[in-house]
Amino acid sequence: MQFVPKSTFLVFLLFVVSSQSIFSQDLQSPATQLYRSGIDLYEKGFYEESAQHFSDFTTSYPEHDLRISAEYYLTRAKTGADSANIEAYYQDFVLRYPGTDLSEVLLKDLGHRFTDAGEYEAAIEYYQQAVDSWMKEKSAAETKYWIAEAAAENQDYEYSRQYFMAVADDHLRSSWAPKALYARGRLYLEEEKYDASTEAFEVLRDRFPNSEITRRVGTALGEAYYQQGRYEEATEALRSALPHLDTTSRTKAVFLIAESQNYLGNYDEASKAYLQYINLTKGTPEERIAHYGLGWLYNKQEIYHWAAESFGRAATGDDEIARKALYYKAVNEKLGSQYGKSLDSFREFGDRFKEGFWVEKAYYEWAVSAFEVSRYDEAIEVLLELVRSDMQLEDAGKVYTMLGEAFYANAEYTRALQAFEEAEKAGDISPQLKRQARFQKAWIMYRNQAYEQAQPGFEAVYAEAPQTEIGKEALFWSADTYYKMNQYSQAARRFKMFVDNYPDDTMAGAALYSLGWSYFEMGQFQNAVGPLRNFLQNYKAPDEALFPYDTDTQLRIGDAYYAVGNYQEAIASYSQALGAEPGGDYAMFQIANSYYRAGRTFDAVSNFRKTLRIYPYSRLREQAQYNIAYIYLNTNNYSQAVEEFKAVISKYPGTHWAARSQYNIGDAYYNAGEYERAIQAYKKVLDEYPRSDYIIEAINGIQYAQLSAGRSDSSSAILEDFLSDNPTSATADQLRYRQALNVFQSGDYENAISEFRQYLRVTNSEELVPETYANLAEAYQQTDQAKNALEAYRTIADEYPDSDQAPSALSSMGTIQLELGRNPEAHTSYTRLLDSYPRFRQEAYVGMGNASLAQGKTDQAKQEFESALEVNANSQPAKVGLGKVAVSNGNYERAREMLVPVAESSSTEIGAEAQYYVGQMLQKQGSYNEAIEEYAKVKVLFEAFDYWVSQAMYNGAECHIRMGNRGEAMTILNSIINDYPGTDAQQKAQALLERSGES
């Protein structure tokens with residue numbers, strides 16, 4: 001706000017004029033001359049000389065009529081000479097001459113001075129003192145106006161508005177009253193209190209309808225209406241004010257009319273007003289704002305090329321309007337399908353503006369536009385420039401998410417993952433955008449078949465927002481990741497959750513289909529039928545399906561019924577797919593199989609023949625013909641079976657089915673008792689299909705046929721000849737292994753060792769090597785070569801840790817090491833089993849416990865046996881282990897609690913061991929008769945386990961000796977020597993007899 005002129009010289013001049021009568025009355029008097037000289041010196045700026053004249057005047061003429069005036073000029077002259085003490089000089093005068101016009105002048109002058117210095121509270125105080133000095137109405141109205149202005153400058157708007165209103169209320173006839181009401185309304189307007197502003201201007205219009213300032217209020221009132229969204233009233237007020245406005249106000253009014261009409265949707269009126277404004281501001285920077293408004297006008301009318309043109313005219317310069325206009329120029333070009341021009345405009349924005357207002361927004365939309373026209377490299381480049389800048393991004397998560405999508409579309413999956421991870425880290429990212437980033441990250445992993453890593457991401461998105469679109473989709477893909485990982489149970493649970501919770505979702509059909517497949521893959525065939533049938537009846541396959549979902553579903557329903565043996569329903573389901581392409585051949589083929597499984601062999605053969613006739617090029621034709629032959633074979637129609645198998649060979653030579661059929665011809669002859677013909681048929685497999693999978697079966701067939709015919713077995717020689725003729729046959733390695741295995745299974749362990757070692761020397765395949773070492777180790781054990789067995793097992797554990805034989809090899813190593821007394825090594829082997837194969841924790845803990853117990857570490861053994869029980873609370877070996885610990889510690893009650901239940905319930909070796917330690921427990925307690933009875937139970941109940949029987953007998957002999965039954969003891973010891981040679985007990989019995997002189 002502007003203050004009215006503040007100079008006190010106007011007041012001073014009025015005072016001088018009013019004093020002319022005094023001068024005229026006494027022009028020649030000494031007093032008058034002295035007074036006049038003081039004024040002349042003051043006006044010329046000689047303040048000290050002037051002050052001296054006025055001081056002399058007041059001293060010399062204390063009763064003169066000009067004394068107060070002289071005092072006034074004396075005060076002014078002093079302030080001119082000593083400006084630092086103006087306030088003191090003025091206050092001294094006011095105190096001496098309160099209520100005078102000259103005191104009022106000085107008080108107002110102080111108010112002006114403090115106002116100019118920005119000390120508004122002091123200014124208001126002096127203005128108020130002036131008002132309180134019985135000021136005349138006109139002067140009071142003006143001074144109150146100054147008070148209101150000073151309060152406004154001091155940002156005390158409420159106080160300011162009160163004084164403006166006081167001016168209007170108390171001085172209704174003053175010219176300051178309408179000015180005060182106008183200023184009050186403008187103050188509301190500047191505070192953006194548009195309702196109050198409107199009311200204030202309306203008060204002005206009501207009270208002073210004919211005032212000059214009232215005629216100008218239309219612009220301010222119109223602006224207030226405009227700011228409140230009262231566009232019709234704004235337009236009316238502004239148009240009524242136009243005739244009374246100066247050029248500047250008129251220009252502003254025209255623009256506000258244009259904006260108001262734009263908001264009202266009166267596009268023609270708005271357009272006229274904008275064009276009028278353009279004419280008024282032609283060639284000035286203000287012209288751009290009208291072009292900007294026209295741009296929005298055309299945008300609303302969807303005239304995007306005109307909008308872009310107008311925004312382009314507003315895009316000059318580097319201020320906020322220029323940036324926004326250039327941005328909207330690009331947006332409207334895109335909306336008008338001018339994608340090339342749009343990208344050019346965004347590029348211009350990028351060239352002109354590297355930082356500051358709207359750079360992030362424009363760059364982001366630039367990247368989106370490039371992305372939408374598949375210019376992924378450009379989108380990436382733009383976004384990277386944005387994230388690498390020093391700018392503090394307002395929506396970093398959104399930017400990084402878009403960058404991730406651009407990388408993803410550009411097949412840069414690793415960088416896409418990194419971008420999505422950055423999006424998740426953005427602290428200011430909205431939950432919705434964070435979910436999107438998390439979903440996209442999971443989707444990339446899914447796309448790259450990293451299903452295990454993708455699944456938690458999908459699961460987290462669903463858990464956070466299950467009712468959102470992205471949450472529902474995340475649940476579907478979470479289920480699908482489990483399906484891809486063959487974790488069908490987890491997949492089924494989530495697919496069912498999707499179907500139950502979102503039955504109307506667009507993906508519900510796909511979820512039902514996948515749910516059926518999940519049940520099917522788990523072998524829950526009956527459960528699979530419901531979802532698959534629901535899908536078939538209620539959902540359509542995708543418009544661009546890669547295969548016929550309806551046919552596939554119908555066939556899977558048939559397969560489910562087939563799998564559970566409901567062949568009638570299976571046939572009905574398969575029948576629905578007959579004639580489908582593809583899939584019709586499979587349906588007919590399975591109908592035949594269903595008839596066969598249902599025992600209707602005639603219908604089965606008929607439908608297999610129909611399959612061959614209707615689908616001669618089906619991939620199932622070989623198997624259909626084979627199945628016909630196989631049905632005849634299984635129904636004992638051997639001659640017809642042979643003919644049908646020959647048909648397979650004739651129609652499909654060189655196939656797997658041909659080799660299989662030739663083998664089955666041998667089986668047909670064999671079953672018919674024609675052994676010689678069977679032998680020849682089997683040999684034909686060797687001769688004509690040396691690379692087939694039926695060589696071993698054919699060799700076995702020859703062996704059985706020869707033996708059945710009463711001939712000597714020459715299968716081994718035939719096998720040798722075959723290997724000689726076909727050293728590189730696909731089955732040659734298996735055949736060599738079979739030779740060694742046959743020797744091993746015959747019980748010839750010495751030769752089996754040679755055969756296995758020979759196989760290991762000549763084999764070029766590692767497929768059967770771990771199994772070979774396992775059999776070799778067993779052969780060594782059977783021939784009492786424990787150390788060699790140990791090395792064989794060690795080879796498996798060290799060189800083939802991923803083989804199926806590795807865990808049992810480590811376990812066997814521990815057992816042998818315990819037998820050899822290598823207890824620390826045994827403990828190491830079992831520990832290695834525990835660390836490498838968690839599935840064998842129970843066995844590992846039991847072995848570790850036995851090794852610790854053998855070393856006398858009973859506390860450690862106890863902990864290890866208890867760990868085994870934590871894995872399996874019913875572990876009998878662990879219970880026996882704890883029983884042995886208790887026996888060792890003399891805790892016989894605990895020992896009985898652990899051992900007796902196992903001895904009474906088990907018929908295996910662990911039962912024999914438990915029964916043995918029950919006897920030992922009694923022996924240690926000195927209960928020899930009871931001990932002998934328990935030892936005797938070992939032989940009666942567990943006769944097959946020589947080690948424990950012989951140990952129990954030996955301990956029983958010791959008990960007899962303790963009781964003085966020497967004869968009984970000698971008989972038992974001799975029995976051990978005769979019946980259990982090679983056992984530890986036999987060696988101890990022999991030694992005891994020798995010491996007793998009884999051997």
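Every value quoted in this text rests on a predicted model; they were computed, and no experiment measured them.
The two residues S875 and Q842 come nearest to each other via the heavy atoms OG-NE2, 2.9 Å. In terms of heavy-atom proximity, L578 sits nearest to G584 at CD2-O, 4.2 Å. Of all heavy-atom pairs spanning A442 and A454, the tightest one is O-CB, 3.3 Å. Across all non-hydrogen atoms, the minimal contact from R832 to A797 is NH2-O, 3.0 Å. In this structure, P503 and A508 approach most closely via the heavy-atom pair O-CB, 3.5 Å. Minimum heavy-atom separation, G814 to A826: O-CB, 3.5 Å.
By the 30° and 60° cut-offs, the orientation of the rings of H656 relative to Y694 is tilted. Note on ring orientation: taking the six-membered ring where Trp is involved, the planes of Y630 and Y626 are parallel (angle under 30°, cut-offs 30° and 60°). Ring geometry, F439 versus W443: the interplanar angle falls under 30°, so the pair is classed parallel (tilted spans 30 to 60°).
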Verdict with reasoning, Y363 to L383, per side-chain contact (heavy atoms from CB on, under 4.5 Å): CA-CA 7 Å; Y363 275 51; L383 293 170; over 6 Å; no
Check against side-chain contact (heavy atoms from CB on, under 4.5 Å), F498 and L512: CA-CA 9 Å; F498 189 99; L512 269 174; over 6 Å; no
Step-by-step side-chain contact (heavy atoms from CB on, under 4.5 Å) determination, T772 to E766: CA-CA 10 Å; T772 303; E766 291 193 347; over 6 Å; no
Stepwise side chain to side chain donor-acceptor pair (under 3.5 Å) check, N566 with E569: CA-CA 6 Å; N566 190 342; E569 288 291 343; 5.1 Å; no
Stepwise side chain to side chain donor-acceptor pair (under 3.5 Å) test for N775 and E778: CA-CA 5 Å; N775 287 326; E778 177 66 20; over 6 Å; no
Verdict with supporting geometry, F525 and F520, ring pair (Phe, Tyr, Trp, His ring centres under 6.0 Å): CA-CA 5 Å; F525 302 111; F520 192 90; 5.2 Å; yes
Verdict with reasoning, H827 to S852, per side chain to side chain donor-acceptor pair (under 3.5 Å): CA-CA 7 Å; H827 197 280; S852 296; 3.3 Å; yes
Working for side-chain contact (heavy atoms from CB on, under 4.5 Å), residues F458 and T481: CA-CA 9 Å; F458 287 132; T481 54; 3.8 Å; yes
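Side chains of T815 and Y830: a donor-acceptor N/O pair is present below 3.5 angstrom, by distance only. With no hydrogens or angles considered, no side-chain donor-acceptor pair links T655 and E622 at under 3.5 Å. Side-chain N/O atoms of D480 and Y446 include a donor and acceptor closer than 3.5 Å. Using a 3.5 Å distance cut-off with no hydrogens or angles, the side chains of Q490 and R494 do pair a donor with an acceptor. A side-chain donor-acceptor contact under 3.5 Å links S829 and Q817.
With ring centers used as reference points, Y482 lies 6.0 Å or more from Y488. The six-membered or imidazole ring of Y561 lies away from that of Y567, with a centre-to-centre distance of 6.0 Å or more. A distance of 6.0 Å or more separates the ring centres of Y483 and W517. Ring-centre distance between F476 and F495: below the 6.0 Å cut-off. Checked against a 6.0 Å centroid threshold, the rings of Y328 and W358 count as neighbours. Between F371 and Y376, the ring centre distance stays below 6.0 Å. Ring centroid separation for the pair F865 and Y845 does not come in under the 6.0 Å cut-off.
Here the side chain of S808 pairs a donor or acceptor atom with the backbone of Q805 at under 3.5 angstrom. Under a 3.5 Å cut-off, the side chain of N534 and the backbone N or O of G530 do not form any donor-acceptor pair. For the pair N448 (side chain) and A450 (backbone), a donor-acceptor distance under 3.5 Å is absent. Proximity of a side-chain donor or acceptor of S514 to a complementary backbone N or O of A511 within less than 3.5 Å is not detected. A donor-acceptor contact shorter than 3.5 Å is absent between the side chain of S478 and the backbone of A474. Of the possible polar contacts, one joining the S342 side chain to the A330 backbone as a donor-acceptor pair under 3.5 Å is found. Checking side-chain atoms of S811 against main-chain N and O of P807 turns up no donor-acceptor pair under 3.5 Å. Listed for the S867 side chain is a donor-acceptor partner under 3.5 Å among the backbone atoms of Q863.
For the pair K398 and Y364, the distance from NZ or CZ to the six-membered ring centre is under 6.0 Å and the angle to the ring normal is within 45 degrees.
Judged as a ring-ring contact (aromatic ring centres under 6.0 Å, His included), and not counting sequence neighbours, Y773 has no contacts. In this structure A592 satisfies the side chain to side chain contact (heavy atoms under 4.5 Å, CB included) test together with N607, F608, sequence neighbours excluded.
Rounding to the nearest 0.5 Å gives a distance of 4.5 Å between NZ of K472 and CG of D505. Taken from OG1 in T551 to OH in Y586, the straight-line distance is 13.0 Å, to the nearest 0.5 Å. Between the CD atom in Q554 and the OH atom in Y574 there is a gap of 10.5 Å [rounded to 0.5 Å]. Separation of atoms NZ (K496) and CG (N527) is listed at 10.0 Å; rounding is to 0.5 Å. With values rounded to the nearest 0.5 angstrom, T553 atom OG1 is found 4.5 Å from F535 atom CZ. Separating the OH atom in Y793 from the CG atom in L790 is a distance of 10.0 Å, to the nearest 0.5 Å.
With contacts defined as side-chain heavy-atom distances shorter than 4.5 Å, the pair L384/R415 qualifies.
The 12-atom threshold is exceeded at NZ of K484, counting heavy atoms of other residues, nucleotides or ligands nearer than 6.0 Å. No more than 12 heavy-atom neighbours from other residues, nucleotides or ligands sit within 6.0 angstrom of CD on E452. In Q537, the CD atom is crowded: over 12 heavy atoms of neighbouring residues, nucleotides or ligands sit closer than 6.0 Å. The environment of N486 atom CG is dense: over 12 non-hydrogen atoms of other residues, nucleotides or ligands sit within 6.0 angstrom.
Ion pairing between R841 and D835 fails under the 4.0 Å rule for side-chain N and carboxylate O. Electrostatic pairing of R556 and D559 counts as a salt bridge here, judged by a charged N lying under 4.0 Å from a carboxylate O. Taking a cutoff of 4.0 Å between a charged side-chain nitrogen and a carboxylate oxygen, E394 and K361 do not qualify as a salt bridge. Between E378 and R347 a salt bridge is recorded (basic side-chain N to carboxylate O distance below 4.0 Å).
Within the structure, every pair that satisfies the salt bridge (charged side-chain N to carboxylate O under 4.0 Å, His left out) test and touches residues 864-881, not counting sequence neighbours, is listed here: K862-E866.
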